[in-house]
Trainee: 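Below is a structure I'd like to ask you about.
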Amino acid sequence: MTESRTLAQIAELVGGTVRGDPSICVDNAAAIRSAASTSITWITNPKYATDVASSRAAAILAPADQGPTPMPAILCHALDAAVGMVINLFAPPSPSPPVGVHPSAVIATETDIAPDVAIGPFVVVDAGASIGARTIIHAGVHIGAAARIGNDCRLWNNVVVRERCTLGHRVTIHPNAVIGADGYGYFLAQGRHNKIAHGGIVTIGDDVEIGACTCIDRAKLGETIIGAGTKIDNLAQVGHNAHVGENCLLVAHAALAGSVTLEDYVVLAGHAGVAEHCVVGKGTVVSSFTAVAHDVAPGTVLSGSPARVHRKRLRAIAAGEKVPGLIRNVKRLDERVDRLESAADNT
Amino acid sequence: MTESRTLAQIAELVGGTVRGDPSICVDNAAAIRSAASTSITWITNPKYATDVASSRAAAILAPADQGPTPMPAILCHALDAAVGMVINLFAPPSPSPPVGVHPSAVIATETDIAPDVAIGPFVVVDAGASIGARTIIHAGVHIGAAARIGNDCRLWNNVVVRERCTLGHRVTIHPNAVIGADGYGYFLAQGRHNKIAHGGIVTIGDDVEIGACTCIDRAKLGETIIGAGTKIDNLAQVGHNAHVGENCLLVAHAALAGSVTLEDYVVLAGHAGVAEHCVVGKGTVVSSFTAVAHDVAPGTVLSGSPARVHRKRLRAIAAGEKVPGLIRNVKRLDERVDRLESAADNT
Amino acid sequence: MTESRTLAQIAELVGGTVRGDPSICVDNAAAIRSAASTSITWITNPKYATDVASSRAAAILAPADQGPTPMPAILCHALDAAVGMVINLFAPPSPSPPVGVHPSAVIATETDIAPDVAIGPFVVVDAGASIGARTIIHAGVHIGAAARIGNDCRLWNNVVVRERCTLGHRVTIHPNAVIGADGYGYFLAQGRHNKIAHGGIVTIGDDVEIGACTCIDRAKLGETIIGAGTKIDNLAQVGHNAHVGENCLLVAHAALAGSVTLEDYVVLAGHAGVAEHCVVGKGTVVSSFTAVAHDVAPGTVLSGSPARVHRKRLRAIAAGEKVPGLIRNVKRLDERVDRLESAADNT
């Protein structure tokens, strides 16, 4: 079982203030409807506000200005962060293969693998690859020739990292993701599409996380870059030679075509896409199902296909709603002008 | 070769009525254009209606009110179901590894595997996992610690089921799908995205089918749920803590964000998406490329991005078509009013 | 290091004309901003035209009508093709397992594998499969029973080719792609979705390339066909019984529903989709995020959801932009007609 903590200890961890008995112990974190008598819960989504009264939780994380609650509270100025920290505090650890190399793994002789790396069954590490300290390589991962994996990484099952690609430290890659497959590039000659070789690599910064079945293509020449701290969801696509900045977020099914540049802190919601060679400015938010086909200034919020400034698009949609009424108005005007014209003719 | 059947036998199977000689034998099912002289075919898509006359098929499945056909017919009240049953009758069986454990598989000692399970090469089953009777585990599948797989399941090649996830009976998962990877959840602190642990699981009901390269993320806390009888296509995404009802259909590239609820019999067409925390009512149909961002009442048909009631959207599109004409009308009105005003000034 | 070539040699390869000293040697191809003193570069995207002056490249590929350049140039009538050929000339070769079968591979006894095939670790080849001359099978690939792989193919890591599917010659498949999983087809009976067996196959023509994590479903009956020379990007979906013509391009996240026909040279941009049974005519271009729901004549350019002719859609969008002004105009007209009517009443 998980170790229990006092509210005083948790308040210190999250930088909050206990309202109520600080010596109360909790041993798990739970959403408000499923909280048990030893749980700590939270109130963040207003949808669930009415559930506070009926919750069995021993304590609750709440915003600094929270009114009375039926159970002791920890009041937090940064509530989302506090909830995240408390969930992490009580989460079970992810399982890992034991430190060392599983006997079934096929490791080339000329590799540089730190002694405390954990390598699971059926892993393949090709010649010239290196793996940093404390990194965990789950079953079925394939690491190509001369690829470099940093310290404290975790590559989940069946991940493929192709030759010469480079991962920083604390990189996590989820199952069946593919790093460094050839980009999609052809030239047309005599009516046929001819493959262009992709001799470049993928370079992934520190603290990057990449989702299951996500594909990051290698560069034609040079590098495809994923900046430090960027988090990519499942089933996303990053084309060859894309340069993704730091601390970006790419949600599931997002796609970057070749040679796109995302500056830092760009957010692509689900199913969003950016066309080739576009530059998307710092802090831009691309809404879901949005197709960006031009450069975008920093701090823009975009939506729609073709993409436009979200505020303007909402106005255009609202104007569009008025068209049926407008048609009726114009018809009436037409009749009124008809009558006026008849009257004028008769005078 | 497949065993042949009489039309009488097939009519009994599908609950239909033979029109013509019930002793005629067929030994395969084929689409109308490729049917051979021992085939049974069907007429469902009106596109192919004119092909009946030229078909070489020995017999045809047809709706109950079908007019004359050049070959004997089996008249069916539920034609789609009849066609499905006849295709299934003559389909070759899917190949499976032999019952038992392939010598290359890596099976932890503390597992609970039924004696008639078939486990292929390079399978990994971690400690505490259980696998029910008659289940088939193809090559390269990885089953995490304490995961539970029911009876009569089939996990195709390279499927990953992470720790503690649970599958019901008769669950089929296609190659390279990932069940139970971490959800996509972070909290922002000091300008960095910090990972929130996903200590929950995925729970999959009986008779669920999941497509190739589809990803079902584990819950942050508690469960991500796929209800019994739900069928999910390839490359779909189900976010952490989503609750998918029974008998839903999610077509390729459909995506559910975190904490979405789909009630029973919801259909998401290809590339459809639902934003986090939305509740989609029973029997709702979300058309392809539709972005749902609000709760949806049962039985709604939605389309577009942002999603709206499909019927209203069609009307809005039709109204939009009239804008160019409207612009011309208003210009003419303007000129007519100009003339009336001039005339009035002159009187 | 790569072997170096003279400009004369390169001009001959690409069918261009040297302007400057043809004996100058280059030993790598590089984009204009990263070119070194022994690089050959090119000027194709006008975005980078101003970079020519500052480039350190030894030579440049340029269009036939290019003005003066600071470095020697090779003038080309087909510049894109020339660039592709030069990149290919200097690209490092992709790594491959050595010719022969890795001892860990599990190869059924009744297979037909050419003697010069290279098979990596943890490959599975089931009974009755055949693999043609010089084909390269990377680690973790699974080839199903009676599947047929042609000559000079390359199947990257963890690719799954299911039973009886057929690949032509020179086919490349990127990691974690799935060829021949069951299609998505059910019939409803007693409120439940019942699986329809997919006993057909996938047939892939010569010179096809298929991206990472892409899924090509097997036919219900007969074949799903990918025509010769077609190139498919990552994370795309081809449904059961689709017939894709020759030399088509399907970009990332594109999707074909069941029984779609694409004629030759069709292009589907990213996130484009085609609904079931539609026929898309030769040379049609379906823009990104476009949902095709009807048959399409050859040579059409489509965009939007629902898809329409791109030119008409642009006009409709432009007309839509005028609605707010139109509303103001109609309001003014209304007031003017009010005044005219009052004046008429007063006379």
Side-chain angles (χ1 to χ4, degrees), chain A residues 104 106 122 124 126 140 142 144-145 158 160 162-163 176 178 181-182 184-189 191-199 213-215 217 220-222 235 237 239 253 255 257 271 273 275 277 289 291 293 305-306 315-316 319-320 322-323 326 329-330 333 336-337 340 343-344 347, chain C residues 29-31 34 45 47 78 80-81 83-85 87-88 90-92 94-95 102 104 120-122 138-140 156-158 172 174-176 207 209 211-213 229 231 233-235 247 249 251-253 270-271 288-289 304-305 317 320-321 323-324 326-327 330 333-334 337 340-341 344 347:
Chain A
S104 66
V106 172
F122 310 127
V124 178
D126 288 339
H142 298 176
N158 293 342
V160 175
R162 272 191 43 192
E163 72 277 9
N176 290 8
V178 177
D182 292 356
Y184 188 73
Y186 305 91
F187 64 89
L188 195 66
R192 299 183 48 179
H193 302 294
N194 296 273
K195 181 177 178 68
I196 302 176
H198 280 69
C213 293
T214 278
C215 302
D217 281 350
K220 203 182 283 182
L221 299 161
L235 294 159
Q237 154 74 0
H253 293 119
H271 284 110
H277 290 283
F289 292 89
S305 167
R315 278 207 295 266
K322 294 179 180 156
V323 169
L326 200 59
N329 282 352
V330 169
L333 271 172
R336 290 165 66 193
V337 171
L340 286 165
T347 55
Chain C
S34 48
N45 191 321
K47 263 196 177 179
D80 284 347
V83 172
M85 285 186 263
I87 289 173
N88 288 351
F90 292 115
S94 290
H102 190 278
S104 67
F122 310 128
H138 285 267
W156 285 98
N157 311 58
N158 293 343
T172 298
H174 291 284
N176 290 9
D207 299 299
E209 186 160 358
C213 293
K231 313 295 187 181
D233 200 354
N234 302 335
L235 293 159
N247 300 303
L249 298 175
V251 180
H253 291 121
H271 282 111
S288 61
F289 291 91
S305 168
I317 290 173
E321 293 294 317
V323 169
L326 201 59
I327 292 171
V330 169
L333 271 173
D334 200 67
V337 171
L340 286 166
E341 287 172 340
T347 55

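These figures come from a predicted structure and were not determined experimentally. In what follows, chains are A, B, ... by sequence order, proteins preceding strands, each numbered from 1.
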Trainee: Give a yes or no on whether the backbone of C/G211 and the side-chain of C/K231 come within a donor-acceptor separation of less than 3.5 Å.
Mentor: no
Trainee: A side-chain contact here means heavy atoms from C-beta on lying under 4.5 Å apart; do C/F122 and A/V124 qualify?
Mentor: yes
Trainee: With a 4.5 angstrom heavy-atom cut-off, is it the side chain or the backbone of C/H102 that approaches chain A, or both, or neither?
Mentor: side chain
Trainee: Is the side chain of C/N88 donor-acceptor paired with the backbone N or O of A/K195 at a distance under 3.5 Å, no angle test?
Mentor: yes
Trainee: Where on C/P175 is there a heavy atom nearer than 4.5 Å to chain A: the side chain, the backbone, both, or neither?
Mentor: both
Trainee: Does the side chain of A/F187 reach to within under 4.5 Å of the side chain of C/V83, using non-hydrogen atoms?
Mentor: no
Trainee: If you tally heavy-atom pairs under 4.5 Å against chain A, which of C/A78, C/P92, C/A81 wins?
Mentor: C/A81
Trainee: Would you mind reporting whether C/H174 and A/V178 have side-chain heavy atoms less than 4.5 Å apart?
Mentor: no
Trainee: Is there side-chain contact between C/N176 and A/C213, with heavy atoms separated by less than 4.5 Å?
Mentor: no
Trainee: Heavy-atom distance under 4.5 Å to chain A: side chain of C/A30, backbone, both or neither?
Mentor: backbone
Trainee: Please confirm whether the backbone N or O of C/N247 pairs with a side-chain atom of A/H193, one donor and one acceptor, at under 3.5 Å?
Mentor: yes
Trainee: Who among A/R315, A/R336, A/E163 has the most heavy-atom pairs with chain C under 4.5 Å?
Mentor: A/R336
Trainee: I need the residue from A/G199, A/A181, A/C215, A/A293 with the largest number of non-hydrogen atom pairs under 4.5 Å to chain C.
Mentor: A/C215
Trainee: Considering only heavy atoms, which portion of C/I317 lies under 4.5 Å from any heavy atom of chain A: side chain, backbone, both, or neither?
Mentor: side chain
Trainee: Of the backbone (N, CA, C, O) and the side chain (C-beta and beyond), which part of C/A31 lies under 4.5 Å from a heavy atom of chain A, both, or neither?
Mentor: backbone
Trainee: With a 4.5 Å cut-off on heavy-atom pairs, point out which of C/S94, C/A252, C/P95 contacts chain A the most.
Mentor: C/P95
Trainee: For the candidates A/N158, A/V337, A/D126, which exhibits the highest count of non-hydrogen atom pairs separated by less than 4.5 Å from chain C?
Mentor: A/N158
Trainee: Taking every non-hydrogen pair under 4.5 Å, which of C/D80, C/N234, C/D207 racks up the most with chain A?
Mentor: C/N234
Trainee: Contact between C/H271 and A/Q237 at the side-chain level, heavy atoms closer than 4.5 Å - yes or no?
Mentor: no
Trainee: Can you tell which of C/S34, C/G270, C/A139, C/G304 has the highest number of heavy-atom pairs within less than 4.5 Å of chain A?
Mentor: C/A139
Trainee: Could you tell me which of C/D233, C/N157, C/L326 has the largest number of non-hydrogen atom pairs under 4.5 Å with chain A?
Mentor: C/D233
Trainee: For chain C, which of A/H198, A/K220, A/H253, A/R192 has the most heavy-atom pairs under 4.5 Å?
Mentor: A/H253
Trainee: Report which part of C/L235 has an atom under 4.5 Å of a heavy atom belonging to chain A: side chain, backbone, both, or neither.
Mentor: side chain
Trainee: Is any side-chain heavy atom of C/M85 closer than 4.5 Å to one of A/N194?
Mentor: no
